[in-house]
Colleague: 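Got a structure here, written out as structure tokens. Questions coming.
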Amino acid sequence: MIFRTLRINLSDRTYRIEELSEEIFKKYLLGRGIGDYILFKEVDPTVVPYSPENKLVFATGPFSGTTVPGGARLSAVTKSPLTGTITSTNAGGHFGMEMALSGYHVIVIEGASDSPVYLFISDKGVVFGDASRLWGKTTSEADALLRKLTHPRSKTLVIGPAGENLSPIAGIFVDGHRALGRGGAGGVMGSKKLKGIAILGKSKIEFKGDHKKFKEILNKLYSYLRQSEGLKRFKTFGTTGNVRTINLAGSFPTRNFRDSYLDGYENINGTEVNRLYFVKAGACAQCPVSCNRITKVEHEGKVYFVSGPEYETLWSFGGATGVTDLKYVILAHHLANEYGFDGISLGATIACLMDLYEDGYVKDLPFEVKFGDGEAMIKLIELAGKNEDIGTLIKDGSLKLASHFGHPEYSMSVKGQEIPAYDPRGIKGMGIGYATSTRGACHLRGFNTSQEVYSASDPLYRLRYTDEKIDFLINNQNMRALQDSLGVCAFVGGYYEVEDYCSLIESLLGISISPEELYRVGERVWNLENLYNRKAGISKAQDTLPSRLFELPVKSGPSAGEAYDRSEFERLLNLYYRKRGWNEEGWPETEKLRELGIE
């Protein structure tokens, strides 16, 4: 199999095709890894994110277009307008698979158009289309119209009004509803006047290895996955079942992290989603799990069919804002998707505004914006989506909003990116994970919750500052980087061994790679991202947590009285640097870079 890169220049409306060498493939694979490599080599770390010099890389994994379970994820890599770091974000859906079937595993978007444009990629080449009819459309509208303008079987990537308005918390939406959400990639796409990409594949995946062995490995994996109790739970609840677990672990951030336990959580838990609003389950390409919840909600005489909610948006539009009316939480999730926002950041930004309002720092709004008010939350999302009134600040994220009102400490963010739905006061390992994440606060870049909550025999283990949590974090960060570079879903990928990936690569591609070499890919990717960020001006001072988490103890629930001990944080952060092979300021040491082959 030859992996091809399609480079598209929007400034002069040209394109060219390149081939990826086996040497680079073995060092970075595809997905997040190759996207990072391209950005590191080609985009100055000090570039302005919304300038034409920034690039936007879409890359799927080597298993995309096959029947490898969970193997069709798509990554988008760029320099983030929200954090100033390199950022990669990934999503399911069907675009990644269609890329592979079109003969491309990497698409690099360069330059910027001077007018709204869409792209149609097929076996006939690349068409640059006039997107004036698409501009201003919501994500679902843009998806439908783009397929009408190109081909009804096309798979699409689109932005909504949030991306058009250069929101740094705007996402890019796959199939109109699966989000490449975090870090503002949608704003970068909007700055290039690129409304959407449609792709139509007709190729078949070419085997260079042993097809029979490949099928034998898959049969073993599918048999194992079918027996997994964890994946059976995902089939039933998706991620929504986490609300109860995390809340009862005293780690469900509530009312902008004023607390870590939500009274009334039962009203927004997965069981209520299924009982009141569930229609059917949805699945991404190549996925045996079907974790997506398709729900139906009625509001003001209209009926909405919604792809979601997920655990994170049950939190961001529920726990974070104090809203326990599930109808409003699902509707908020829907509107965030329609306008093209990252649901985590948008909900957390609204929670920040509610916090500022209740403490008297925000006045003269057209209506009250208090915690628990679902109607107000919906109005705020509409204003953000339309870029009107207070919405012009909401669309820029919580740090800019809170700074505008003179209180940046109200932003519960790391490097400008909003912290997700796991309170580090109740899960200590998550604190170092958030602080060291290469794209700002992120639960997917080191998920210590699996060790400290889901797998812990001692329910209080999560509250301890122990050194082995750093070892788990580093391994988890490396493994997540590897999975993203393989294009494998984190939910399914957790059931793979590194040896499984090696066998799949060899039987599919005819490329031999050892488990040690493959694991090193994840470590290499993580170090490359950190090096890029340091060159971009990100310092140790930004590898920290919001002051509230150090100073405000949790008020209620199983983590009552807990704050994050600052001295323990510093000790664990320094330990993390040493174990990573970085210096005291968080820069990778020369010998570590040499060891990983990073130039």
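Counting from 1, the numbers follow the sequence of the chain as shown. Not measured: the values here are computed from a predicted model.
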Colleague: For residues 154-161, please give each side-chain donor-acceptor pair under 3.5 Å, one per line with the distance, not counting sequence neighbours.
Modeller:
| from | atom 1 | to | atom 2 | distance (Å) |
| --- | --- | --- | --- | --- |
| S154 | OG | T150 | OG1 | 3.3 |
| S154 | OG | H151 | O | 3.1 |
| T156 | OG1 | D143 | OD1 | 2.6 |

Colleague: Should we count NZ of K415 as having more than 12 external heavy atoms under 6.0 Å?
Modeller: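 Counting other residues, nucleotides and ligands, NZ of K415 exceeds 12 neighbours.
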Colleague: Could you walk me through whether T78 and V57 pass the side chain to side chain contact (heavy atoms under 4.5 Å, CB included) test, one step at a time?
Modeller: CA-CA 6 Å; T78 191; V57 183; over 6 Å; no
Colleague: Centre of F367's six-membered ring, under 6.0 Å away, within 45 degrees of the axis: is that where NZ or CZ of K379 sits?
Modeller: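 Cation-pi check for K379 and F367: passes.
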Colleague: Run the ring pair (Phe, Tyr, Trp, His ring centres under 6.0 Å) test against H94 and tell me which residues pass, sequence neighbours left out.
Modeller: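 By the ring pair (Phe, Tyr, Trp, His ring centres under 6.0 Å) rule, H94 matches no residue at all.
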Colleague: Classify the angle between the aromatic ring planes of F95 and F58 as parallel (below 30°), tilted (30 to 60°) or perpendicular (above 60°).
Modeller: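 Geometry flag for F58 against F95: tilted rings.
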Colleague: Is it true that D359 and R258 have a side-chain N and a carboxylate O under 4.0 angstrom from each other?
Modeller: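 Answer for the salt bridge query: yes.
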Colleague: Residues two or more places apart in sequence or in another chain: which of them pass ring pair (Phe, Tyr, Trp, His ring centres under 6.0 Å) with Y361?
Modeller: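 So Y361 forms a ring pair (Phe, Tyr, Trp, His ring centres under 6.0 Å) with H407, Y410.
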Colleague: Of all residues at least two apart in sequence or in a different chain, which pass the side chain to side chain donor-acceptor pair (under 3.5 Å) check with S437?
Modeller: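 Not a single residue meets the side chain to side chain donor-acceptor pair (under 3.5 Å) criterion with S437.
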Colleague: Let me see the working for S140 and E338 under side chain to side chain donor-acceptor pair (under 3.5 Å), right down to the final yes or no.
Modeller: CA-CA 6 Å; S140 65; E338 284 291 284; 2.8 Å; yes
Colleague: Under the rule for ring pair (Phe, Tyr, Trp, His ring centres under 6.0 Å), what residues qualify as partners of H334, not counting sequence neighbours?
Modeller: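 Once residues adjacent in sequence are excluded, the partners of H334 under the ring pair (Phe, Tyr, Trp, His ring centres under 6.0 Å) criterion are Y304.
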Colleague: Tell me every residue that passes side chain to side chain donor-acceptor pair (under 3.5 Å) with T87, counting only those two or more places apart in sequence or in another chain.
Modeller: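 For T87, no residue satisfies side chain to side chain donor-acceptor pair (under 3.5 Å) once neighbours in sequence are set aside.
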Colleague: Should the pair K195-E164 be classified as a salt bridge under the 4.0 Å nitrogen-to-oxygen rule?
Modeller: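 A salt bridge is present here (some side-chain N lies under 4.0 Å from a carboxylate O).
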Colleague: Any side-chain heavy-atom pair from L56 and M189 closer than 4.5 angstrom?
Modeller: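 They are in side-chain contact.
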Colleague: Take atom CZ in R244; do more than 12 heavy atoms of anything else shown fall under 6.0 Å from it?
Modeller: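 Not more than 12 within 6.0 Å, no.
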Colleague: Do Y422 and F447 have ring centres separated by under 6.0 Å?
Modeller: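 Centroid separation for Y422 and F447: below 6.0 Å.
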Colleague: Measuring centre to centre across the rings, with the benzene-like ring taken for any Trp, is F491 within less than 6.0 Å of F234?
Modeller: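 Ring centroids of F491 and F234 are less than 6.0 Å from each other.
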Colleague: Kindly indicate whether the side chain of L134, heavy atoms from C-beta on, has any atom under 4.5 Å from the side chain of P116.
Modeller: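 In short, these two side chains do not touch, never coming nearer than 4.5 Å.
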